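Shown next, in structure tokens, is the structure this report addresses.
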Amino acid sequence: ILISDQDGSIIAFESSSTEDACRGEETGLAPIIVTQPVGGTYLEGESFSISVDAIGTEPLSYQWYLNSIKIDLATEREYYVDYMNTDSMGSFHCVVANELGEAISDPALVYGVRLFSAGSNYFGEMGIGFSATYETFTANEYKNIKKIASNGNHSFMLLYNGELYFSGEQGAGEGGIGSDEYSITEWTLSATNVKDVFPGGGDTSFYIDNDYHLYFAGSNSNGESGSGIVQNEFRSWIHVADDVIFACGSTRRTSFYIDKDYHLYYSGQNAKNQAGVADTSTVFEWTSCGVAAKKVVCGWEGAMIISQDNSVWVSGECTTGAFGMGEVYNFSTWTKCSSLEGVDISDISISGDSGSEHAIALGTDGKTYVSGNNDRGQLGLGDNTNRYLFEQVSSGIKKMTCAYRFSMLLTNDEKLLMSGDNSYGSHGDGTYNTKDEFTEVASDVVDIMESSTSHTSFILKKITGVVG
């Protein structure tokens, strides 16, 4: 009997003829693995299974091992894990045996995903207790994390189960936890039933629940909540709008949200026409911007939107060139970005620093474009010269973010590239060296934080064992 593998190659010959037996040759077939186990990457709490297919003279026995240690009761061709945790990651293999011998499978690597952080922790914004800075990526939470967002000196961690956690500075109550403490140094539950979270550029925060209700916490001195309530701050979450799919806030007291029909609204200051409307007075209730948008991001005194046709529009003031409109700084109405004309943009990020904004635009084809302040090399173009028109800097990118004078790019092959300021160790590469070109600082990275003003970096990274 000829036995072949999946490619048709002969891998075994079995004979049970009387002639073979008379010659004293052993009959039957020792185990042969024809389908090797395949690993994968799984979040905390997920279930998964790995399996082998083998042939050989029955009966066949199976024994699974994790990191070369026998797994009790794992004696079937398929091994099932119903809840992924730190004890379930690593190198799995299976030994298949019968009375004629055994076969050892190839290893199958099962990765978990863990949060790591680097950079400033002066206000406890990493959620791991107080310490000044970390210049290397340090193990943080191992949870089923959906999103990490960090702005200013505070951070939010959103889990897939809808739990929202906060850590860091909350001078105006922007953590929404109802506490008067100035800084929270460990991850603290802030809300449940959360779909998405959007920290403002300074001391405001928003989240959307699973029913698309918008909630606000933080400073309301200029009507940033849009609630119409005259109150300087809200230290606990308040409901401020319905049917919302996106929100953001600027450092300069302007808030935005987008509803399910992609209508854009604002509340707060409009002194520089950052809302794209003629009336520059401060408003305390949500007011239409008169445009449709899929996303809105806030600079210092300006804003950028992605329209439904994937074009970028700007309004307000930006003196650093982050708008990509040449050396024209003020726009009183929404104006299409000329240097991204003809480019389909899927995402955009702008830093919210006073007088030092830079921006990154991500094309639907994975190309990235940069413009704006470049005093610390944050544009990654190999120099420290500001740009006033968007220039392509890289390709093969699936996510990007702007932070405080530094930038992060996540490649399609899970590499983290960073450029710009590193005085807080936020690049996580063990140095405080500034970079003016995008440089790989980590691999096996599956997600990065969203930010506009953070001194801290967060990444979600694949691991195969307990770290830290």
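Everything numeric here is computed off the predicted structure, so don't read it as measured data.
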F331 vs V314, side chain to side chain contact (heavy atoms under 4.5 Å, CB included): CA-CA, chis, key distance, verdict
CA-CA 7 Å; F331 300 89; V314 304; 4.1 Å; yes
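- Minimum interatomic distance between G276 and S315 (heavy atoms only, all atoms of both residues): CA-OG, 3.1 Å.
- Residues G299 and S250 share a closest heavy-atom pair of O-CB, 3.6 Å.
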Decide yes or no on side chain to side chain contact (heavy atoms under 4.5 Å, CB included) for N412 and I397, but give the supporting numbers first.
CA-CA 6 Å; N412 291 330; I397 304 301; over 6 Å; no
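- Among residues two or more places apart in sequence or in another chain, the side chain to side chain donor-acceptor pair (under 3.5 Å) test is passed with T453 by none.
- We find that D436 and R376 are not joined by a salt bridge, their nearest charged nitrogen and carboxylate oxygen being 4.0 Å or further apart.
- Using a 4.0 Å cut-off between charged nitrogen and carboxylate oxygen, E233 and R235 count as a salt-bridge pair.
- Between the N151 side chain and the G200 main chain, a donor and an acceptor come within less than 3.5 Å of each other.
- Minimum interatomic distance between H93 and P107 (heavy atoms only, all atoms of both residues): CB-CA, 4.4 Å.
- Not counting sequence neighbours, the partners of F48 by the ring pair (Phe, Tyr, Trp, His ring centres under 6.0 Å) test are Y42.
- Q170 places a side-chain heavy atom less than 4.5 Å from the side chain of S179.
- The aromatic rings of F123 and Y182 sit tilted, their planes meeting at an angle between 30° and 60°.
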Test V240 against S227 for side chain to side chain contact (heavy atoms under 4.5 Å, CB included), laying out the working first.
CA-CA 5 Å; V240 296; S227 64; 4.1 Å; yes
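- T431 approaches N422 most closely through the heavy-atom pair O-ND2, 2.9 Å.
- For H358 and S407, the side-chain atoms include at least one donor-acceptor pair closer than 3.5 Å.
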Using the rule given for side chain to side chain contact (heavy atoms under 4.5 Å, CB included), can you reason through D203 versus H154, listing the C-alpha separation, both sets of side-chain angles and the distance that settles it, and then say yes or no?
CA-CA 9 Å; D203 49 10; H154 63 268; 5.8 Å; no
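- Looking at D429 and T136, their side chains never come closer than 4.5 Å, going by heavy atoms from C-beta outward.
- Of all non-hydrogen atoms in N222 and F284, the two that sit nearest each other are C-CE2, 3.8 Å.
- The side-chain tip of K260 points at the ring of Y212 from less than 6.0 angstrom away and within 45° of straight on.
- When all heavy atoms are compared, the tightest approach of T254 to Q274 is OG1-NE2, 3.1 Å.
- Using cut-offs of 30° and 60° on the angle between ring planes, the pair Y207 and W237 is perpendicular.
- With a 6.0 Å cutoff to the six-membered ring centre and a 45° limit on the axis angle, K143 does not count as a cation-pi contact of Y160.
- Using bins of under 30°, 30° to 60° and over 60° for the plane-to-plane angle, the ring pair Y257/W286 lands in the perpendicular bin.
- Side chain of S267 to backbone of G223: a donor-acceptor contact under 3.5 angstrom is found.
- Side-chain contact between T364 and I345 is absent, with no heavy-atom pair separated by less than 4.5 Å.
- Looking at Y165 and L158, their side chains never come closer than 4.5 Å, going by heavy atoms from C-beta outward.
- A salt bridge (charged side-chain N to carboxylate O under 4.0 Å, His left out) with D447 holds for exactly one of K398, R114, K147, K399; it is K399.
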